[in-house]
Amino acid sequence: MIITSSSTSVAANSTIILLDKCTTLSQVRQIHSYMIKTNLVTTHSLSVAKLISGFSESSNPSQAVMLYAHMLFCVHDLKGIEFSVPSVIKACGRSRAFREAHQILAHVLKTRLWYDPFVTNSVVRMWLELGEIELARKVFDRMPVRDLISWNSLITGYLRDVFMTMKVKDVVTWTTMISACVLNHRPRKGLDLFREMLRIGIRPDAPSIVSVLSAIADLGFVEEGKWIHTYISANKIDRSGSSFIGSALVNMYAKCGQIEHAYHVFRSISHLKNIGDWNSMISGFAIHGLGHEAIKLFLEMEMAELKPDDITFLGLLSACNHGGLTNEGQFYFQTMQVKYNMVPKIQHYGCIIDLLGRAGHLQEALRITYHMPLEPDVLIWKAILSASMKHNKVETARIAALRAIELDPEDSSCYVLLSNMYAKVGMWDEVGKVRTMMKKRGVRKIPGCSSIFVNGKVHEFLIGKAMDLGDNENVHCMIEEMVSKLKLEGYEPDLNQVLLDIEEDDEKESQLALHSEKMALAFGLMNIPHGIPIHIVKNLRICCDCHSFMQMVSKIYKRRIVVRDQNRFHHFENGSCSCNDHW
DNA sequence: TAGAAGTATC
């Protein structure tokens with residue numbers, strides 16, 4: 001557990017680490033009063049809230065409950081302690097503290113906290129975590145405000161409950177759960193379930209393998225993927241023409257950054273390749289920015305007289321988009337309509353609009369947006385927004401952002417992009433307004449998270465924070481070293497990338513240096529031997545500063561770096577990136 | 001007895 005603020009002193013960090021190891025209330029009390037005395041933590045709510053929230057996610061969540069109780073009884077003038085309630089509720093669930101769970105619910109019911117969906121949703125999740133489906137339902141039925149999160153929690157709870165109560169489960173039961181996890185963006189849970197299924201002796205079949213490969217592809221864990229690949233061969237899992245295994249393997253290797261391996265698997269498919277096999281390979285080339293390779297494969301497919309479908313064209317257009325092949329993209333957008341008589345779907349429009357926008361043809365992109373036979377969706381407006389930002393069209397960006405927000409008010413990325421644009425041109429008042437709008441609507445920015453596989457283990461990083469505490473301090477030192485080394489070579493931090501309205505450039509710079517992908521990179525440099533590429537997976541799009549940072553590191557440290565961001569792969573080598581700054 | 005659960009997507 002650690003405080004996330006970059007300005008936190010090393011002393012405070014060490015003390016908090018110490019706190020994390022306490023097992024009794026008296027120990028927590030002792031150290032906490034020491035922190036107050038030495039001014040490491042004031043009795044102000046913010047630092048206590050951080051402590052409690054940190055504890056609630058730590059390996060010993062009961063400490064959050066203890067500290068909260070301690071604060072309530074011993075520090076009477078503590079303002080804002082109610083902000084810690086959701087963390088305490090979470091901690092009750094995680095530490096299986098039934099008695100405290102009932103107590104805190106009684107407290108919530110008596111106060112205005114009952115009208116805060118953030119709090120009541122936490123209560124629902126707590127009961128579900130504790131296996132109390134009926135109690136969760138009772139709270140759900142009675143809570144005054146229900147939002148999407150409330151419904152999602154309940155569905156997940158019911159699903160898990162049904163699954164847990166089934167005494168006899170077969171491979172289909174497990175596969176249903178695994179694919180539900182993948183669909184709900186919980187690939188790690190899906191992989192865990194697959195392992196559990198193997199452990200209890202259920203033999204996987206083709207669909208279960210396909211599901212878990214999809215989870216692994218999302219995670220980018222190539223070692224796990226190789227293990228499944230070996231398992232398929234050793235156990236002669238069905239690889240007939242009707243199977244999806246070929247395409248799932250190609251997809252897995254491509255999304256794990258091993259495009260050559262994906263291609264090798266594609267070529268070695270022994271049965272007559274089905275459309276899915278081709279589509280996976282074309283889409284694989286697309287995320288690696290290999291536009292020409294995708295086109296070549298498409299032509300080969302045509303030669304083989306295989307009829308492309310809408311996903312083939314989406315892959316192809318996306319490949320042209322990521323490869324910067326503007327003319328080719330427009331040509332194939334026509335081809336699908338004229339030669340193949342296909343009606344483009346919203347996704348095809350999205351792709352071609354994005355392609356035109358990136359290439360600087362913003363007017364043409366807008367023309368299509370306003371004249372297409374379908375209603376433009378949020379992704380199209382986001383494409384227009386990105387293009388406008390890239391070419392400094394503030395007014396178009398503003399219109400596009402507002403349309404996107406109107407269509408999906410809960411999508412934080414639209415607000416972030418808009419705020420990003422205002423920040424870029426220094427309109428800090430507008431940045432503030434966007435932030436207020438987000439706050440009012442309860443929209444929260446998705447935190448950037450990067451992961452890296454080192455020595456058989458996945459290490460995750462959030463901004464300024466290694467999930468594995470042991471890594472944290474070394475990584476911070478390494479980043480400092482890297483920044484100074486790069487500055488000597490001309491690196492200038494791109495402070496426009498910092499979305500917060502921070503006045504001081506120093507503070508902006510330290511925020512920037514702590515981006516999760518830089519943390520993962522520093523960790524990789526320290527722990528991955530020379531000659532072996534450093535693979536990083538990021539949940540969001542890589543920012544411009546991190547992109548140029550990686551380019552420079554690849555040159556100065558003579559390392560190959562492969563980053564998979566939300567959209568595509570970036571292969572950094574000798575100072576340049578495979579995306580040619582086109583992403 | 002077969003079937004269910006499964007891939008590729010801006």
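Lettering follows sequence order; numbering is per chain, from 1.
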Starting from [atom2] on [N], measure out to [atom1] on [X] and report it in whole angstrom.
{"X": "A:N567", "N": "B:dT9", "atom1": "CG", "atom2": "P", "value": "12 Å"}
{"X": "A:L316", "N": "B:dA8", "atom1": "CG", "atom2": "C1'", "value": "14 Å"}
{"X": "A:D218", "N": "B:dG6", "atom1": "CG", "atom2": "P", "value": "15 Å"}

Ring centroids only, cut at 6.0 angstrom: are A:Y253 and A:H264 within range, meaning strictly under it?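 So the answer is no for these two rings.
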How about A:F313 and A:F333: are their ring centres within less than 6.0 Å of each other?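 No, they do not, as the ring centres are separated by 6.0 Å or more.
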Assign A:S243 to base, sugar-phosphate, or nothing according to its heavy-atom contacts below 4.0 angstrom with the strands shown.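 Base: the residue A:S243, judged by heavy atoms under 4.0 Å, touches a nucleobase.
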Pick base, sugar-phosphate or nothing for A:A248, based on heavy-atom distances below 4.0 Å to the nucleic acid.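 The answer is nothing, as A:A248 stays clear of every strand by at least 4.0 Å.
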State whether the number of non-hydrogen atoms from other residues, nucleotides or ligands found under 6.0 Å of A:E410 atom CD is greater than 12.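 No, not enclosed.
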Let's see if you can work this out: which of B:dG6, B:dT9, B:dA8 has an atom nearest to the side-chain heavy atoms of A:N279?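 From the listed options, B:dA8 comes nearest.
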I need the A:S211 OG to A:F194 CZ distance, nearest 0.5 Å.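 Taking OG in A:S211 and CZ in A:F194, the distance rounds to 9.0 Å.
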Contact list for DNA chain B against residues 250-276 of chain A - heavy-atom distance below 4.0 Å: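 Hits under 4.0 Å, by residue number: A:N251, A:K255, A:G276.
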Residues of residues 351-369 of chain A with any non-hydrogen atom less than 4.0 angstrom from an atom of DNA chain B: list those, numerically ordered, please.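 A:C351, A:D354 - these, ordered by number, are the residues of the stretch whose heavy atoms sit under 4.0 Å from the strand.
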If you apply the rule salt bridge (Lys or Arg N to Asp or Glu O under 4.0 Å), what do you find for A:K339 with A:E302, and how did you get there? CA-CA 12 Å; A:K339 184 172 175 186; A:E302 278 190 317; 3.0 Å; yes
Just wondering, do A:V171 and A:R203 contact through their side chains at under 4.5 Å, heavy atoms?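 A:R203 vs A:V171: side chains apart.
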Between the protein and nucleotides 3-5 of chain B, list every N/O to N/O distance that falls short of 3.5 Å.
residue: B:dA5; atom: N1; partner: A:D205; partner atom: OD2; Å: 2.5

